[in-house]
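Just below is one structure, and these are the notes that go with it.
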Amino acid sequence: MNQKNNLIIGLIIAGVVFMSANVDADPRDFVEGLPNIGIMLQEITEVDSSLFVTAFWSMLETIQMAFIGTVVGVTIALPLSLLAARNLNNKFVYIPIRALLAAIRTFPSILWAILFVIIVGLGPFAGVLAIIMYTVGFIAKLQYEAIEAVDIDPMDAVSAIGVSKLQLIRFVVLPESASHLLSQILYIFDYNIRQTSILGLVGAGGIGFYIINYIKFFEYGKAAVFMLVVLVTVLIIDWVSVRIRDNYIIKSQRGMQVRV
Amino acid sequence: MSLSKSSKVKTLGKSSAIFTKTIVQMNDVSASYDSKNYVLKDIKMSIDRGTNYAIVGHSGSGKSTLLRLINGMMNPTSGKILVDYQTPNISDKKFKSFMHKIGYIPQNLGLIKNSTVLENILIGALPRVSGFNSFLKKFSDYEIDNAKKILKQVSLEDKADRKIYMLSGGEKRRVAIARALVQKPEIVLADEIVSELDHVTAREIMDVLAEAQATMKLTSIMVHHDLQLALEYADRVAVIKEGEKILEIGVEGGRIVDFQSGNYTQREILEMFTNESKE
Ligand SMILES: Nc1ncnc2c1ncn2[C@@H]1O[C@H](COP(=O)(O)OP(=O)(O)OP(=O)(O)O)[C@@H](O)[C@H]1O
Ligand SMILES: [Mg+2]
């Protein structure tokens, strides 16, 4: 530790304190508010059990939206990532594609949702379109980075046979980057379920629609039921994707059988 | 090979024998990666069809670079190269179709680790498969039979469905050889394919290649670290030292038959390599 480091750390801490005061983030409010959790938990026990059924169906809608968004988004992202990879294209191709992807990524999904609500109206379709956009921007970037990291040796050896670019992609690029892609798809699906859960806040379908409305009418117990369902669902999906990852990705790295 | 060539063969009559003899010709070829330091200098080389040609030299002498000039993966800084009467260049459509006929086994093999042995060697057949079928990874029965026949030739018939990462070093080299042979090549370029193997395995692999060369009547150009191995298997051996070809010898039945070197005696050459193997 030298003095310069100490000074920097001190400045950062001072900055956090100062900015907290600025944005009115007072830790005392948090401590005072803690008992509210107890009230909310108590309210959960008082809600009608039929509400869980509603929560279940709206969660199912959320999962379906996330699933469609993920599948369509990945399908669009894959060819874009092939066009954006510097080791497969010249700069007249990859620069515009990269610019397009960067533009898509500037919006978080909730802003895309607002935009699509304006275009196609309220409802799940706007949410699905928002998830597609987010998935395209995100997966295409991760995937073109994975493609650029593909081992140069097989690329070189297969190019030397004089094969076409599509053959090179099919026989070298895709197999060599498939395990990356699988792990990214699992991650984005998981993430998309969480994202879709809040798109209802702007009227783009999914479980968030109920949550925001109950909160508006101070029915915190009912809102909490829906949040609980989201929590449980996300935990289950998380557990399933860990299993899939273990089965396909970890095994392939350790040298066990994997089907691509 | 183009039509114009076969018509020339007819019109030239007897002299066509000379015309078709040379498959690789280098005139004063120099190469550099940074246009300052020359990795190869004024290389002259003429390789006849069907020759088993070996290139020997110490690490960093430019052997791999020389092979990459022959298959057009790299262009010379100056000088002229002709391979099958064309200037090698991967961007040239016409030469690209001759690349189908050049089996290239790079120093690091370049296999696709997550694919099976069979998938890897079928890559050698891709030039004969339509774009659509290759996208579906669909190969004709003929191609699959042929690939399996070649797997047998390299003694890997029972490993067709294994992934590459499950193979030993020697087996991986056999896969790379098989991929090259599936191409039905006219030339095979092999870069230090047995350098890291023990003597027994190295000779097994060299025997596989020698047999393939004899039955398929191909020209092989192999890079070796070990002069002894080169003398044992090659018809002609070129020695490269710091980017210059210092010697070329003909070999028959393991004996040196013509020794052409201005600056070095036979003994100096042998010492150059025995010293290295002692290191
Ligand atoms: N891609 C590259 N960029 C720059 N320099 C390179 C490149 N590849 C090789 N070189 C240099 O060119 C020289 C010759 O390399 P080359 O790989 O042809 O040697 P080699 O005879 O095959 O050596 P080895 O027996 O170690 O494989 C070396 O000095 C090397 O550092
Ligand atoms: Mg080398």
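Lettering of chains follows the sequences in order, A, B, ..., and the numbering in each one begins at 1.
Judged purely by atom type and a 3.5 angstrom limit, A:Gln167 has no side-chain atom pairing as donor or acceptor with the backbone of B:Phe135.
Counting non-hydrogen atoms of neighbouring residues, nucleotides and ligands closer than 6.0 angstrom, the CD atom of B:Glu157 exceeds 12 such neighbours. In this structure, A:Tyr191 places its OH atom where only 12 or fewer heavy-atom neighbours from other residues, nucleotides or ligands lie under 6.0 Å away. At most 12 heavy atoms of other shown residues, nucleotides or ligands fall within 6.0 angstrom of atom CE in A:Met227. More than 12 non-hydrogen atoms from other residues, nucleotides or ligands lie less than 6.0 angstrom from CG of B:Asp158. Enclosure of atom NZ in B:Lys172 by more than 12 non-hydrogen atoms of other residues, nucleotides or ligands within 6.0 angstrom is indicated. Other residues, nucleotides and ligands place no more than 12 heavy atoms under 6.0 Å from the CD atom of B:Glu211. For A:Arg194, the CZ atom is densely surrounded, since the number of other residues' heavy atoms within 6.0 Å is greater than 12.
Inter-residue side-chain proximity for B:Ser134 and A:Phe171 is flagged as met; some heavy-atom pair is nearer than 4.5 Å. At least one side-chain heavy atom of B:Tyr104 sits less than 4.5 Å from a side-chain heavy atom of A:Asp156. Contact check for B:Met99 versus A:Ile161: no side-chain heavy atoms found under the 4.5 Å cut-off.
When heavy atoms are compared at a cutoff of 4.5 Å, B:Leu122 does not approach chain A at all.
Under the 4.0 Å criterion applied to side-chain N and carboxylate O atoms, A:Asp153 and B:Lys113 are not assigned as salt-bridge partners.
For the side-chain contact (heavy atoms from CB on, under 4.5 Å) with B:Ile112, the lone residue among A:Val150, A:Val173, A:Val158, A:Leu174 that qualifies is A:Val158.
The residue among B:Lys137, B:Met73, B:Lys96, B:His100 with the most heavy atom pairs within less than 4.5 Å of chain A is B:Lys137. The residue among B:Arg179, B:Lys101, B:Arg162, B:Gln107 with the most heavy atom pairs within less than 4.5 Å of chain A is B:Arg179. When the candidates B:Asn71, B:Leu111, B:Ile102, B:Ile123 are compared by the number of heavy-atom contacts under 4.5 Å with chain A, B:Ile123 comes out ahead.
Nearest approach of A:Ala157 to B:Gly110, heavy atoms of both residues: CB-O, 3.8 Å.
Taken to the nearest 0.5 Å, the CG atom of B:Asn133 stands 12.0 Å off from the CZ atom of A:Arg170.
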